[in-house]
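None of these values were measured; they are calculated from a predicted model.
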Amino acid sequence: MRVASLRWFTPPTKPKPAPLFFGQAQALRALEAAFRQGGHGYLVGPSGLGKRRRLLAYLEGRTFPRPELVYLPVGEEAFPLLLPEGKGRALVEGVEALLAEFTPGLFREKGFLYAKSLVEARYQKEAEALLKALSQEAESHGFALEETEETFRLSGKGPLPPELSAKLEETVLAYMDARQKAQAEVAALRRGFAERFLLPRAKELKARFPETGRYLDWLLETLLRAAALEEEPAFQALLPRLLVEGGSRVVYEPNPTPERLFGHLEYEVHEGVLTTHLGLLRPGALLKAAGGVVVLEAHRVWELGSYPLLKRALATGEVEPLAPHPEVKGPRLKPAPLEAQVFLVGPPEVMAFLEEDEEFLELFPFRVEFAPEIPYTRENVAYLGGFLEKEGIPLTPGGLAALADEARRLAGHRERLDARLYRILDLAKEAAALRTPVDKKAVREAVRAREERFALEEALYLQDLEEGVVALEVAGERVGEVNGLVVVEGPLPAGRPVRITAQAGPGREGILSIDREVGLGGQVFHKAVLTLAGYLRGTYAQVGALSATVSLVFEQSYGSIEGDSAGLAELLTVLSAISGLPLRQDLAVTGAIDQTGRVLAVGRVAEKVEGFYRVCRTLGLTGTQGVVLPKANLPHLTLREEVVEALEKGRFHLYAVESVDEAVELLFGRKAYWVHEKVREALEHFQKLENGEEE
């Protein structure tokens, strides 16, 4: 069937404000289910769909609880505590006020000083009486009592009498005991005096924050002990650490290292000693988002080594900040509760790898899948314009139509739009740099400029074609030769014709693919060759076993070949080689086949058609040239306007076929039954030669 017209272009369309998830209703439903149930999830789809940006925009309109996370020091450990919004700050301020009461001025009060002086005077009087008694007794023996820096001694002439030596020792011990009692009583006095000031404030804090009772008891005891011992406590080690307060509870962490994800405790160096305290505790994304959502790039979580730690945190419901080196002196941190939902974002290949882990599927039960394509409707085109205008791209209706057509080309289907909106946005930005508002001409210029940036290889190929370096004919007829179509992959995939040749003769090897034999053909390519052989066996079964060896090769092809899209072209070449009938060289062929002779759809058909058109234009259009392709591929023909005009004016042609026989009649220019008869005759001749019945 000859295709007369393929005009497919979008009419001018006015932009329309777009819903955030336009074209992605299924993804939105899955996301809403995740938030209803409070489960973790992952967003999957090709890059460029705007998965992360849409999620963050969706979360902007939601309200989340904002609990405050406080770490409380208790001895050598520190415990986390989640408090309602505002209470964390109030706790810290309350503790700071309590500590402010503990100042040196507290023990300069008149009442304390008077009580202290009474205690010291009483014990001083007792001590002086002991020394006086010893001094009098020493004088009676001709000795004098002297006070040294550390103790007392008796000096005089002659040896010290034993009874006097014993008296000296007894007096010194009694004197020291009196001093110690005085110190103990003063310490108790200091503790009691401090308790009178601090205990009411501590009780008040306990009443306001009953969940901090253990910490406040420890804090009060620490202060009272310091008061009794006349020590200056390290207030920095006593203060609670308000780790998470206020702020947005939607956290996107682009660099999810373990430290940035879980938080960590830094340390200092003082005189060669490594120390740390809660003031050096830094929160990670999982703690900053308490009550909200953490958004992470899946491949970065894996690459940076955070994935095993993240799994453990989700499984236990706890976040453990990373501790410093063991030699660092400081508090040991207890894990904090995980109060955030976690969403991973990534392309299908990354998520497929993670989904192989059963634990992953248990921890992330909500799969939010974005479709790579959305239906081509006038409404979706208008929404595309609304999206672009929201991103700052002013558009004319014609400019939007041209961008929508590029989205259809990227999708490779006339009834679909590529959902990778940010790829379209990049093109729109390039067009906007040429002209604003963006019109159809600006889009065309941007597309042309983009294609030219990747056009050097294609230009060199066409030059080799003109000079005859690449042996290819687009006119006349040849036996055992046909122009197949392949796609050269790259940033901008391009279609090219390739000369496929076959040689046939008597033998038992069947179809021999040279490319496969030398390792250039992939598994799918080999499958196509075997399918071709299956078609031959079924079609010519009455001949018996195929007594033929047919060598098949892609000429001047030096890279790997994969896919089954050359199946129809290979079959035509084989039939020509066996029958000796020539094939048209002005028609290129693409299409896969099955063993029954049905022609099946292939990929990138638009690029293949345009590639052969460029070659024909370079070598000279004759008016008979064209492409034979599967009828099932007609919806995929998003051809450039130049090619569409050439088709409409009869300078180039497209033929859509559903069966091998339709292609046979086009390429051989004869009825299919007649060609098949010639093939049977040749196969019977090969069989007789193989059996020695003919020479």
Side-chain angles (χ1 to χ4, degrees), residues 406 409-410 427 430 444-478 480-502 514-515 518 520-521 525 552-563 565-566 569-570 573 583-590 602-629 637-647 649-654 667:
E406 290 305 313
R409 276 183 63 85
L410 286 172
L427 178 61
E430 196 167 338
R444 283 182 175 177
E445 291 176 7
V447 170
R448 190 180 307 115
R450 180 170 289 189
E451 290 176 347
E452 286 176 355
R453 291 198 293 270
F454 299 97
L456 180 58
E457 185 179 354
E458 181 72 6
L460 294 175
Y461 166 76
L462 294 176
Q463 182 179 334
D464 287 343
L465 198 63
E466 287 183 292
E467 295 174 354
V469 176
V470 176
L472 192 73
E473 296 182 15
V474 293
E477 295 181 331
R478 288 274 186 175
E481 292 188 20
V482 76
N483 288 322
L485 292 170
V486 297
V487 172
V488 179
E489 296 293 344
L492 289 180
R496 283 185 192 172
V498 60
R499 191 163 60 99
I500 303 174
T501 66
I514 295 175
D515 296 289
V518 299
L520 294 179
F525 174 78
L552 192 65
V553 70
F554 282 59
E555 301 288 358
Q556 292 185 292
S557 174
Y558 308 106
S560 60
I561 304 170
E562 185 57 292
S565 63
E570 291 173 317
T573 312
L583 291 166
R584 290 174 61 178
Q585 302 300 296
D586 56 353
L587 294 180
V589 181
T590 185
V602 295
R604 298 196 183 279
V605 68
E607 287 87 345
K608 293 173 181 177
V609 170
E610 290 171 352
F612 190 61
Y613 173 79
R614 283 194 300 271
V615 167
C616 293
R617 185 185 60 191
T618 300
L619 298 179
L621 288 167
T622 64
T624 64
Q625 296 147 334
V627 173
V628 177
L629 51 84
L637 288 174
T638 53
L639 300 172
R640 293 287 183 208
E641 196 161 355
E642 178 186 356
V643 182
V644 173
E645 289 178 358
L647 290 170
K649 293 178 180 180
R651 296 198 301 267
F652 197 71
H653 307 277
L654 289 183
L667 270 293

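- Screening E610, E451, E645 for a side chain to side chain donor-acceptor pair (under 3.5 Å) involving R640 leaves a single residue, E451.
- Across every non-hydrogen atom of L552 and A502, the tightest pair is CD1-CB, 3.8 Å.
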Next item on the list: Check the pair E481 / E473 against side-chain contact (heavy atoms from CB on, under 4.5 Å), numbers first and verdict last.
Entry: CA-CA 10 Å; E481 292 188 20; E473 296 182 15; 5.6 Å; no
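- Residues A569 and I500 share a closest heavy-atom pair of CB-CD1, 3.9 Å.
- In this structure, F652 CZ and T624 OG1 are separated by 10.0 Å, a value rounded to the nearest 0.5 Å.
- Listed here is the closest heavy atom pair of P497 and L472: CG-CD2, 3.5 Å.
- Applying the side chain to side chain donor-acceptor pair (under 3.5 Å) criterion to E555, with sequence neighbours excluded, gives T501.
- Judged as a salt bridge (charged side-chain N to carboxylate O under 4.0 Å, His left out), and not counting sequence neighbours, the contacts of E430 are R450, R453.
- The distance from atom CG of D464 to atom CG of L460, rounded to the nearest 0.5 Å, is 7.0 Å.
- Listed by chain and residue number, nothing satisfies the side chain to side chain donor-acceptor pair (under 3.5 Å) test with E457 (two or more places apart in sequence, or in another chain).
- Atom CZ of F525 is separated from atom CD1 of I561 by 5.0 Å, given to the nearest 0.5 angstrom.
- Put simply, the side chain of Y613 does not reach to within 4.5 Å of the side chain of V627, judged on heavy atoms.
- Looking at heavy atoms from C-beta onward, V486 lies in side-chain contact with F554 at the 4.5 angstrom threshold.
- Inter-residue side-chain proximity for S565 and R604 is flagged as unmet; no heavy-atom pair is nearer than 4.5 Å.
- Counting only heavy atoms from C-beta outward, the side chains of E406 and L410 never approach each other to under 4.5 Å.
- Remark: L583 CG to Q585 CD distance equals 7.0 Å, nearest 0.5 Å.
- The heavy-atom pair separating A494 from E458 by the smallest distance is CB-OE1, 4.2 Å.
- Within the 4.5 Å cutoff, side-chain heavy atoms of L629 are placed close to those of L637.
- With sequence neighbours excluded, the residues forming a side chain to side chain donor-acceptor pair (under 3.5 Å) with Q463 are E467, listed by chain and number.
- Each of V498, V589, L587, V628 was compared with V482 under the side chain to side chain contact (heavy atoms under 4.5 Å, CB included) criterion, and only V589 meets it.
- Residues satisfying the ring pair (Phe, Tyr, Trp, His ring centres under 6.0 Å) test with F612, not counting sequence neighbours, are none.
- Contact check for N483 versus Q625: no side-chain heavy atoms found under the 4.5 Å cut-off.
- Contact annotation: the side chain of E642 approaches that of R617 to within less than 4.5 Å [non-hydrogen atoms, C-beta and beyond].
- Listed by chain and residue number, nothing satisfies the salt bridge (charged side-chain N to carboxylate O under 4.0 Å, His left out) test with E477 (two or more places apart in sequence, or in another chain).
- At a threshold of 4.5 Å between non-hydrogen side-chain atoms, the residues R478 and R499 do not count as touching.
- When each of V487, T590, L485 is tested with V602 by the rule side chain to side chain contact (heavy atoms under 4.5 Å, CB included), just one qualifies, namely T590.
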